Each structure stands twice: as structure tokens, then as C-alpha cells.
Number of protein chains: 2
Amino acid sequence: MSQELSADALAELTRCFVDRISVAPATCLQHANSLSIVPAEAARAVVWPETIEEIQNIVEMAERYRFALVPFGAGTSLEGHVNAPRGGVCIDMSRMNSVRAVNAEDMDCDVEAGVTRQQLASHLRDTGMFFPVDPGAEQATLGGMAATRASGTTTVRYGSMRDNVLGLTAVMADGSIVETGSRARKSAAGYDLTRLLIGSEGTLGIITSLRLRLHPVPESKVAVVAHFPSVKFACDAAISSLALGLGLARVELLDATSMRAVNKSSKLALPEMPSLFFELHGSLASTRDDALDLRRTMSEFGAEAISVSSTESERDTLWAARHNCFWAICEAYPGRTPVVTDVCVPVSKLAECVDATINDCQHYGLVAPIVGHVGDGNFHAVIMVDKSNQRDVKSLDLVMDRLIERALAADGTCTGEHGIGQGKMAALAREAGRSLAVMRQIKSALDPLAIFNPGKIF
Amino acid sequence: MSQELSADALAELTRCFVDRISVAPATCLQHANSLSIVPAEAARAVVWPETIEEIQNIVEMAERYRFALVPFGAGTSLEGHVNAPRGGVCIDMSRMNSVRAVNAEDMDCDVEAGVTRQQLASHLRDTGMFFPVDPGAEQATLGGMAATRASGTTTVRYGSMRDNVLGLTAVMADGSIVETGSRARKSAAGYDLTRLLIGSEGTLGIITSLRLRLHPVPESKVAVVAHFPSVKFACDAAISSLALGLGLARVELLDATSMRAVNKSSKLALPEMPSLFFELHGSLASTRDDALDLRRTMSEFGAEAISVSSTESERDTLWAARHNCFWAICEAYPGRTPVVTDVCVPVSKLAECVDATINDCQHYGLVAPIVGHVGDGNFHAVIMVDKSNQRDVKSLDLVMDRLIERALAADGTCTGEHGIGQGKMAALAREAGRSLAVMRQIKSALDPLAIFNPGKIF
């Protein structure tokens with residue numbers, strides 16, 4: 001089914017956007033998905049709106065001419081979310097990038113959807129506050145992060161986008177502007193439309209601005225790194241650490257293969273064993289005490305070479321290594337294409353699930369370092385595929401399929417943070433069962449002509 | 001519009017439920033709302049299902065005969081949620097009260113909707129874990145708490161029901177059983193149906209079971225109480241304490257009138273001034289340090305007679321006084337009926353909003369002690385009304401109306417935790433604006449015959 005832009009529609013759009021519209025194939029392709037195994041599918045045109053009224057205008061045209069709309073933040077999503085399989089128009093939100101207000105007393109802020117994480121972080125420097133959700137991509141926009149329900153390394157303490165958006169403004173399919181939530185910290189007033197739009201991947205409305213919750217910068221941050229004889233020992237140690245009630249802000253697992261890549265890339269000499277990277281947030285006294293408790297618990301689980309880093313430079317070296325892990329893995333396997341996927345399971349099933357995935361990849365001859373936000377039971381496999389090798393490509397499909405099967409069998413989910421997009425539609429159908437019909441009913445009610453990001457989620 | 005039970009429908013229901021159905025007017029009235037200013041409206045019959053299949057059965061009958069269904073937990077809601085304005089059947093969930101699983105490693109549990117807070121707390125005793133959401137009513141059911149998006153004194157640290165339900169099972173209007181979420185801590189798989197059903201007040205589906213997140217019992221709890229020359233000083237002190245990044249698990253405000261009632265009822269001699277009750281959770285070391293920081297900050301805001309209680313008995317005395325505050329207020333004004341309402345505003349607007357409410361009540365000759373979860377900007381006015389006095393009754397309406405107006409003008413919400421029910425439908429329409437239409441679209445899509453709790457929210 002095509003929802004392509006007609007010549008008339010394009011003419012009308014061009015009259016509206018003048019020099020803020022492009023039909024250049026290279027530009028359109030740039031706006032299609034790039035970091036994914038899902039092949040890129042370009043829209044017919046890209047527009048750069050600057051106001052919510054302009055977005056209302058595009059939506060009204062899309063309804064009238066029946067063309068598809070694909071909202072675009074920074075294009076860092078991984079499952080084909082910004083592809084345009086039915087043609088239509090890509091709405092690039094990058095010009096709606098104003099930080100409209102920061103309220104120190106309420107610890108909240110009001111940003112347009114195109115503001116990036118990095119931009120907000122710079123804006124908040126020296127305020128004593130920060131926005132905690134960290135999906136890895138610095139240039140990700142907050143609108144895109146909301147649309148995909150982004151989370152990341154700090155979710156174990158601060159939550160995901162779900163928990164850190166107080167309310168938002170969106171343009172709905174009928175052209176109406178809807179404001180959800182308020183500036184209050186909580187509300188019991190009607191259906192939770194904020195949470196419905198968060199994670200809807202642009203299929204229910206176009207998010208134009210957000211009210212975000214901010215957090216006080218902790219007085220002290222301490223990094224603790226520990227290395228284990230097996231993934232199982234590392235996961236058991238992580239589970240025990242979670243029950244201690246410490247100020248754990250990050251709990252990351254790197255498997256032995258990832259550690260090898262990190263050592264090589266960051267010129268470190270860390271033990272090439274399954275490792276946990278922790279970050280503790282709190283007061284000077286509490287992080288010091290927590291670090292002692294953590295060290296003791298790690299030892300009980302057979303950890304070696306536990307290091308505690310409370311200075312900023314030591315901590316930064318370690319966390320830079322963790323953050324660069326993906327690129328380190330890419331460097332370590334030149335000529336191969338990284339295919340990143342994620343699942344999330346109850347923490348008690350994590351070790352089993354990670355080990356089975358490592359074994360499965362080995363069995364099929366694939367290299368797949370594993371990195372996990374283990375505090376949440378979430379892990380990524382970075383499957384390094386030689387795309388010219390047919391056996392590799394076939395194995396990839398098999399391994400991904402079995403990974404999802406394993407996650408669902410463990411009462412988990414087919415994706416903890418990457419979302420459905422085009423890449424995991426079949427997986428969602430397997431996972432959601434009857435609730436998929438409820439999602440479809442909502443989609444049909446709110447976007448009856450299916451103009452918003454068609455061909456995604458369902 | 002009546003959605004009453006026909007004789008045929010009643011006969012069929014009676015064949016199914018035999019001795020687990022009652023049409024006794026007293027029983028039906030008991031199940032209608034009691035703790036609210038909203039007049040009670042009884043259903044025609046009450047049924048006590050024991051399985052999800054029985055609920056599917058009732059829903060199927062309700063669709064066929066077009067009668068209304070009103071889910072009932074413990075009847076502790078305050079806005080007429082369990083009234084049956086269009087007749088029909090009340091579904092009492094109290095027999096579906098099994099704690100089906102507690103998973104220590106994953107810190108989660110699986111409960112039927114009729115399990116009460118108290119029952120779960122007893123079940124978890126000695127596990128080192130607890131379920132944190134505390135709306136005050138011990139006998140509230142977890143299903144009811146989810147349906148009303150309950151929160152309470154500990155929300156400032158642990159969140160509300162929104163944050164502590166991993167997933168749930170519900171029977172939808174078409175009789176299908178839907179499972180939302182998974183046992184994973186987070187997910188990016190499709191629309192957030194869990195959060196859509198939480199706070200839907202029984203209007204979208206009947207929640208039959210829940211997977212809840214548990215938390216480690218903190219090593220140490222410390223209570224800090226401080227008294228201030230004005231509400232403004234107390235609120236400013238509370239705002240400053242929130243920015244310190246301490247382990248604040250409770251931040252409660254009692255105004256001078258509430259303190260007088262508490263002193264009298266609990267035989268205490270606390271200063272009868274606007275007061276903050278804090279509870280700190282953490283390690284022994286961190287709560288000790290946090291208490292020192294807190295004491296210092298409170299002094300800077302002119303606090304008097306700051307007391308720090310780290311022993312269980314001292315702490316319990318103080319918190320018992322806070323928890324009994326509502327009953328203490330009722331005792332202090334015999335012959336008057338308490339009308340409890342709540343709003344929630346950004347914390348920076350709290351002092352102004354509380355003071356204006358106190359003045360407004362005084363102006364209209366109403367006594368209205370104020371108690372607030374000020375860490376969230378949420379407060380309750382307990383308006384003590386002489387129902388035989390027409391002026392009181394008229395003033396009540398005016399004061400409530402102006403309170404809502406004030407909360408909305410402050411970018412807040414008409415209810416932080418009590419919900420909409422019947423009592424705040426007009427307020428929701430004022431607050432939600434265009435988003436009310438989106439809520440209606442969802443309601444029509446998921447419950448086209450409006451069998452689920454009709455006459456609520458909209």
C-alpha cells in the first residue's frame with residue numbers, strides 16, 4: 001500500500017515550506033534508517049517545521065491527500081523506525097530545538113522535541129541538575145527518545161523516558177493539539193496519555209514538546225569494576241547488589257569478548273573476563289560506604305581485581321571504555337557489519353539467557369559480544385556479520401529468532417529499549433498475543449487513515 | 001440512561017453464581033461509595049467471582065444484556081468510583097485474593113487483584129522486601145490501587161502504582177484476556193497498555209491480577225520533624241531538601257490546624273505550627289548523614305524544635321500521629337462531615353496554593369485542615385462541613401471550585417491521587433481540554449457499549 005505524495009500535495013507543501021523542504025534523493029535517504037540491519041527506505045520529501053502550527057498544517061494536508069508522515073529526531077533508532085516504507089514525508093524536528101524553560105525549584109524543564117540530549121546537558125551545566133536518561137547516542141533528540149521510550153545505563157536508578165516525562169504536547173491525526181499531564185509531579189486525572197504516547201514510535205501523534213523531570217547532581221559518584229570467572233557469577237553478584245538497597249546508578253555487564261575489544265581499543269589492561277561496571281551516586285559518606293559493601297559482595301561471588309575509582313579522571317577512563325564498547329567491537333572485527341539487538345528478561349534468568357546466547361552464536365560461527373544493563377535484566381548482542389557470507393546472514397536470522405524465543409520463554413520482552421519499528425513486528429506479535437488487538441484498536445481510533453508512521457509496530 | 005439488570009440477566013447470573021450473588025439492598029448499598037461527598041448509588045446486584053473465567057463470563061453477559069459493570073476492591077476511593085449511577089452489577093474482587101508468587105531474586109510478585117495492601121505486607125514480612133505504595137487505607141486492594149493510580153506518602157521516593165506495576169492481566173469488553181507487560185523490568189515493545197489501564201478507574205477493562213515490583217527494606221529509617229513559622233517557610237524548606245539528593249522517602253506537611261488535632265488525639269505536645277514530617281531511608285551511615293544535612297537545612301528556614309528519631313518506637317509514635325491525622329481531624333470537629341479533596345501543583349507553587357486555600361476556607365467560615373505529600377506538591381484539604389447548615393454546603397462547593405481553579409492556574413492537576421470518579425468529571429473537562437476527546441476516543445474503541453463503570457471520568 002502506497003501513501004505517496006502526489007504532485008499536488010508536493011506543490012502545496014512546497015508553497016508552505018519554500019526553502020525548508022527537500023526532495024533531493026540523497027537528503028531523503030540520509031533521513032531513512034542507517035544504523036540498522038533493516039534496509040533503508042527513503043521518504044519522497046523532507047520538511048523542517050519550526051512551529052507547532054506548521055506541524056498542524058502538514059498533518060491536515062496528510063489527512064486531505066492521504067500521504068504518510070514519518071517523524072524524525074536524529075535517526076539513531078535501530079529498528080527502522082524512521083524508514084518510509086509507504087513513501088510520504090519525513091518531518092525533521094531539528095529546527096524545533098528550543099529549551100523553553102528550566103525551573104530550578106520544581107526541578108523540571110520544558111523543551112521542544114528537537115532538543116538533543118547533549119544540548120540539554122550543556123544547558124543544565126552549573127545548575128546542579130541533570131536529565132538522567134542516557135541511551136548512548138549523545139545527539140538523540142528528546143522527542144525521539146520519548147517516542148521510542150528510550151532508556152539506558154542509568155535506568156536502574158532514574159528510570160526511563162516513561163518515568164522522566166511529566167507531560168507532553170502532540171499533534172494528533174485530526175490536527176488537534178493535545179497537552180497531556182501537567183507540571184505537577186503526579187496526577188490521577190484521567191487516562192495516562194503521556195505514557196500512551198511515550199513508546200508509540202510516532203504512530204499515534206507527533207510529539208512537539210516535553211516537560212521533563214530533572215534530578216539533583218549527586219554530591220559524589222564512585223565507579224566500581226569487578227571481574228568474574230563466569231557470566232553466571234557476574235549476574236548472581238549483580239542480583240545480590242540490587243537487593244542491598246545501595247545507590248546504584250549503573251550496573252553494566254561486559255562479556256569476555258567485549259572486554260577484549262575494549263582493552264584493545266582503549267589501551268587498557270583489564271582482565272578479559274565477564275565484568276561488572278557499577279556507578280554509585282549519593283553523598284560522599286554513602287557512596288564510600290556503598291563501595292565497601294559492594295566490594296565485599298563482589299568478593300563473595302569470586303570477583304577478581306576489584307577496583308574502586310572515586311576521582312573523576314579514573315572514573316571517566318573506565319566509563320569511556322564502557323561507552324566506547326560498541327565502536328571498540330566494530331574496530332575489532334573489520335569488514336563485518338554490526339547488527340545490534342536487545343532483549344530484556346527478569347534478572348534471575350539473565351545469566352542463563354546470556355550464556356545460551358553466547359553458546360548459540362558460537363554454534364553458528366557468529367561473533368557476538370554481549371553488553372548488558374544488567375540492573376534491569378536488559379542486554380544487547382552486537383552480532384558481527386560478514387554480509388558477503390550467505391551462511392552468516394542465514395545464521396543471523398536464526399540466532400535473532402532464537403534469542404527472542406529465549407527471552408519470551410523467560411517471561412521477558414523482545415526488546416528492552418530498541419523498540420519495534422519494522423525490525424521486530426513479528427516478535428511483538430509473538431510477545432503481545434491478545435494485547436496486540438488492543439493496540440490496533442487504539443491505533444485505528446486515533447489515526448483512522450494511518451497517516452502516522454505506517455508500517456511500524458503492526 | 002439506565003444499563004440496569006433485566007430479570008432474564010439476573011436469572012442467568014444467579015444460575016452461574018448461586019450463593020455468590022446478592023441482591024440484598026443493604027449489601028448493594030454497602031458496595032456503593034461511602035467515604036465521599038458524592039451520594040451513594042447502589043448496583044442492583046453484587047457478585048463475588050473466584051476465577052478470571054467467571055469474570056469473562058460476566059463480561060460476556062453484560063455485553064449481551066447491556067448491563068453496567070462496576071468493579072469493586074475495598075471501596076476506599078473518594079470520588080464515587082464504586083457508585084452504580086446506571087444500575088447494573090457490582091463485581092466484588094475480594095475472593096480473588098491469592099498471592100501467587102514472590103520472586104526474591106527478581107524482587108517482584110504476582111498477586112490477584114483482590115489482595116489487600118495489608119495482606120501483601122504480611123506475606124512479605126521477613127523476606128527483606130516490601131511493596132512501597134501507601135495510599136493510607138490499609139485494606140485497599142492492589143487491583144483497586146492500580147485502577148485508581150494510587151500513590152501516597154512514599155511516592156516521593158518509590159513512585160506511585162504507575163511506577164510499581166510491571167504488568168497486569170485484564171478482561172476487556174470483548175471478553176478477551178489481555179496480559180500487558182512482562183516480568184522484565186522495562187520494555188519498549190509496543191504501546192504501554194499497563195499504564196493505560198492503571199488509572200482508568202475500571203472504565204476500560206477489569207484488572208484481575210498484577211505483577212508488582214518490590215523494593216529492599218532499607219537498613220535504616222530515620223524520622224525528622226520540624227516546625228515552621230509559616231506554610232511558606234515549611235514549603236521552601238521542603239523544596240530545598242528535595243534538591244539535596246538525600247534518601248527522602250516521605251516529606252509530609254501538616255498545617256497548624258492539623259497539628260492541633262493531632263496533638264489532642266495522640267496526646268502529644270508538638271508545636272502547633274506548620275510542620276514537616278520527613279522519613280529518610282538508606283544505610284545506617286547515609287541516613288545519619290542525611291539527617292544532619294536535613295537538620296541544618298531546616299534550621300536555615302527558621303525551623304524550631306527539630307527532632308530526629310532513629311529508634312523504631314520514636315519513629316512509630318510520630319508516624320502514627322501523621323497517619324491518624326484524618327481521624328484526629330474528624331474527632332476534633334464532632335457533628336461535622338469530612339469532605340476530603342486533593343490537588344497537586346508544581347512544588348514552587350505549593351506554599352501559595354496552600355495559603356490561599358487556608359484563607360479561602362477561613363473567608364467562607366469553613367474549617368479545613370491541610371495535610372500534604374509536599375515532596376510531590378500534592379495536598380489534601382479535609383473540609384469539615386456541617387451538612388445541616390445550608391451556608392456551609394454552598395461554601396463547600398465554592399471553595400472546592402476555587403481550589404481546582406487555583407491548582408490549574410498553577411500548572412497543576414485537579415487531583416494528584418484521588419482520581420476523577422463522579423466527583424471531578426467537570427474538573428477533568430476543565431483540565432484536560434482537547435485531550436479529553438482523545439480519552440473518549442480510546443474509551444469508545446475499547447468499550448463501545450460502555451459496560452465498564454459508566455458515568456465515571458466522562
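Nothing here was measured: the structure is a model prediction, and the numbers come from that model. Per chain, numbering begins at 1; letters A, B, ... match sequence-line order.
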Verify side chain to side chain contact (heavy atoms under 4.5 Å, CB included) between B/I198 and A/D192, making sure each step is shown before the conclusion.
-> CA-CA 8 Å; B/I198 291 173; A/D192 192 344; over 6 Å; no

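- When heavy atoms are compared at a cutoff of 4.5 Å, A/P218 does not approach chain B at all.
- Inter-residue side-chain proximity for B/Y191 and A/V438 is flagged as unmet; no heavy-atom pair is nearer than 4.5 Å.
- The residue among B/D108, B/T203, B/N103 with the most heavy atom pairs within less than 4.5 Å of chain A is B/T203.
- Looking at B/M107, only its side chain comes within 4.5 Å of chain A, counting heavy atoms on both sides.
- The parts of B/K186 that come within reach of chain A are both its backbone and its side chain, each placing non-hydrogen atoms under 4.5 angstrom from that chain.
- Taking CG from A/L196 and OG from B/S435, the interatomic distance works out to 11.5 Å, rounded to the nearest 0.5 Å.
- Interface remark: of the candidates A/A432, A/G205, A/G416, A/A445, A/G416 forms the most heavy-atom pairs closer than 4.5 Å to chain B.
- For A/I177, the part sitting under 4.5 Å from any heavy atom of chain B is the backbone (N, CA, C, O) and nothing else.
- In this structure a side-chain-to-backbone donor-acceptor pair under 3.5 Å is present from B/R149 to A/G190.
- Counting heavy-atom pairs closer than 4.5 Å to chain B, the top-ranked of the candidates A/P216, A/A243, A/S187 is A/S187.
- If you measure heavy-atom distances from A/T287 to chain B, you find no contacts under 4.5 Å at all.
- With a 4.5 angstrom heavy-atom cutoff, A/V345 touches chain B only via backbone atoms.
- For the set A/M161, A/E105, A/M129, A/R195, the count of heavy-atom pairs under 4.5 angstrom toward chain B peaks at A/R195.
- With a threshold of 4.5 angstrom between heavy atoms, A/D106 approaches chain B through its backbone and through its side chain.
- Put simply, of B/L214, B/V217, B/V178, the one with the most heavy-atom pairs under 4.5 Å next to chain A is B/V178.
- With a threshold of 4.5 angstrom between heavy atoms, A/E219 does not approach chain B through any atom at all.
- B/A189 approaches A/M439 most closely through the heavy-atom pair O-CE, 4.2 Å.
- The residue among A/K456, A/E201, A/K443 with the most heavy atom pairs within less than 4.5 Å of chain B is A/K443.
- Rounding to the nearest 0.5 angstrom, the gap separating the NE2 atom in A/H373 from the CZ atom in B/R185 is 14.5 Å.
- Contacts of A/C344 with chain B are made by both backbone and side-chain atoms, with heavy-atom separations under 4.5 Å.
- Contact check for A/L193 versus B/I442: side-chain heavy atoms found under the 4.5 Å cut-off.
- For the set B/A437, B/G199, B/A285, the entry with the most heavy-atom pairs within less than 4.5 Å of chain A is B/A285.
- Ranked by heavy-atom pairs shorter than 4.5 Å toward chain A, the options B/E417, B/H418, B/R211 are led by B/E417.
- The pair B/R434-A/D174 meets the salt-bridge criterion, since a charged nitrogen lies less than 4.0 angstrom from a carboxylate oxygen.
- Both the backbone and the side chain of A/R162 come within contact range of chain B, with heavy atoms under 4.5 Å apart.
- Proximity to chain B (any heavy atom under 4.5 Å) is shown, for A/I420, by both the backbone and the side chain.
- Around the CD atom of A/E352, the shell of radius 6.0 Å holds no more than 12 heavy atoms that belong to other residues, nucleotides or ligands.
- Highest contact tally toward chain A, considering only B/G245, B/A170, B/S176, is held by B/S176 [criterion: heavy-atom pairs under 4.5 Å].
- Heavy atoms closer than 4.5 Å to chain B are found in the side chain of A/N378, but not in its backbone.
- Both the backbone and the side chain of B/D163 come within contact range of chain A, with heavy atoms under 4.5 Å apart.
- Contacts between B/S444 and chain A at a heavy-atom distance below 4.5 Å are absent for every atom of the residue.
- Contacts of B/E431 with chain A are made by side-chain atoms alone, with heavy-atom separations under 4.5 Å and no backbone atom involved.
- Proximity to chain B (any heavy atom under 4.5 Å) is shown, for A/H215, by neither the backbone nor the side chain.
- Contact count against chain B (heavy-atom pairs under 4.5 Å) is highest for A/A188 among A/S200, A/A188, A/A410, A/S286.
- For the set A/L350, A/L284, A/L446, the count of heavy-atom pairs under 4.5 angstrom toward chain B peaks at A/L446.
- Neither the backbone nor the side chain of A/S160 comes within less than 4.5 Å of any heavy atom in chain B.
- Top candidate by heavy-atom pairs under 4.5 Å with chain A, chosen from B/I239, B/T194, B/L197, B/D376, is B/D376.
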